[in-house]
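Okay, so here's the structure we're looking at.
Counting starts at 1 for both ligands and their atoms, following the listed order. Atom set for the values below is all heavy atoms of this structure, side chains included, hydrogens, waters and symmetry mates excluded. In this text the structure is predicted, and so the values were computed from the model without any measurement.
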Amino acid sequence: MKQYEFWFVVGSQFLYGPEVLETVETRAKEMAAELSKALPYPLVYKVTAKTNKEIADVVKDANYWDECAGIVTWCHTFSPSKMWIDGLRDLQKPWCHLATQYNREIPNDEIDMDFMNLNQAAHGDREHGFIGARLRKPRKVIAGFWQDEKVHKRLTDWMKAAVGVAVSKEMKVMRFGDNMREVAVTEGDKVEVQIKLGWQVNTWAVGDLVKEMNAVTEEEIDALVAEYEAAYDIATDNLYAIRYQAREEIAMKKMMDREGCRAFSNTFQDLYGMEQLPGLASQHLMAQGYGYGGEGDWKVSAMTAILKAMGEGGNGSSGFMEDYTYHLVEGQEYSLGAHMLEVCPSLAADRPRIETHHLGIGMNEKDPARLVFEGKAGRGIVVSLIDMGGRLRLIVQDIEAVKPIMPMPNLPVARVMWRALPDLTTGVECWITAGGAHHTVLSYDVTAEQMRDWARMMDIEFVHIGADTTPEKLEEELLVKDLVWKLK
Ligand code: MN
């Protein structure tokens, strides 16, 4: 992943004289340096902007500089906003308006008009906010004292969402074969996602993958199997199946890296020339940050890679998931999520086991090896991106994952169990009403607020189902949004 950074642009004007501007600059540098220690990405002080040209120039640089994942603005003093119009109009990077103040307290004895003129963010940030609203420019507003942990946390979350934007704009998805026959929700407009989200979604022949697999050497397989042994418990005698998965992984990784792809999809309906559906292979690729979607679901694949990149350390606990079956006993209502094979080990509560089992679905000649584990307990979200025809809708639901309430000894796949909010059945009603897919990205790292930030930056519809959602309110919201997005 790139070494992303964010730029700190501080607004002012010439009115106050050189002394005040020097103070503003010194403080802005200090704040950027201190904030950089608390944030996941460096906040680089760029300029105390006093003219239209200074602002337009820094925005041009930000747009051009690949490593710059966004700008953070703040007005220490008053900064007349007409001079921000050209710059902000042309801004192509995510924007956060940090409404803060250098001092925490009003100094009772010392405060005079000089102090007021130097420290008037309450005044300057309102002028700055107006022009953001007037330009209808997507932005995140975070208000609070810059040394507070709460502000650091919110800036951290926003920065990660902005990195999700940068990753999205460079996303390339490698499709092995097409989507599963007849399925609707995994389809979508690939031209539209490239225009809106920046994704390049293209297909490679399964035959090319098989050719690549045949060229993998035994030494390469030895090395990858050693990695498997270091990370997972081997709970099968079928070492052949593990080595075959390693062969598949190496071949897919080579093809993706050659093309700069961070995500892939395949389908059990098209494994021509392969003995096994990639299970362990896909799971271990996901653990390295690659996105995956089953049944040709390239939308969920790209979203998986993006949420991973938005997570802790640039590869957080997020993975491809599928709602499978419910436990509908009153008082303990849960959804059981899994997939045929491909659940990311970053979701695991404990060290995964490699097992081999028969897989009846698809063209598997041999029993595929896969990682089996239970998912972690904890708060999370599930995310689904659907194509509404003419626009994209991002649906995010809050969930509470639990340790699976039963061992399910005969279930041969990794599993995660959760309660959807506001409660399972209301949550399911809302999800189905909104059109959410059976495939999702499940994340323990990324929050609904971050996905809202991401959707705002990408300019797509966002629907959040949480503790306060009711089917009635949601229905009205969808009706209004349907109208709004038709007009947009
Ligand atoms: Mn599926």
If only side-chain N and O atoms count, and only distance matters, is there a donor-acceptor pair under 3.5 Å linking Asp257 with Tyr290?
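Checked: Tyr290/Asp257 side chains pair up, N/O donor to acceptor below 3.5 Å.
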
Whether the Asp323 and Ser335 side chains hold a donor-acceptor pair (N or O, under 3.5 Å, no angle test) is what I'd like checked.
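Yes, because at least one side-chain N or O of Asp323 sits under 3.5 Å from a partner of the opposite role on Ser335.
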
With carbon and hydrogen excluded and only N/O/S kept, which atom of Glu295 is nearest the Mn ion (ligand 1)?
OE1

Within 45° of the ring axis of Tyr244 and under 6.0 Å from its six-membered ring centre, is that where the NZ or CZ of Lys366 lies?
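Output no; distance or angle outside limits.
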
Let me check your reading of the structure: within less than 2.8 Å of the Mn ion (ligand 1), is there an N/O/S atom from Asp297?
no

When you draw lines from the Mn ion (ligand 1) to OE2 of Glu322 and to NE2 of His439, what angle lies between them, to the nearest 10°?
80°

Heavy-atom side-chain proximity of Trp454 to Leu394 below 4.5 angstrom
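Yes, their side chains come closer than 4.5 Å.
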
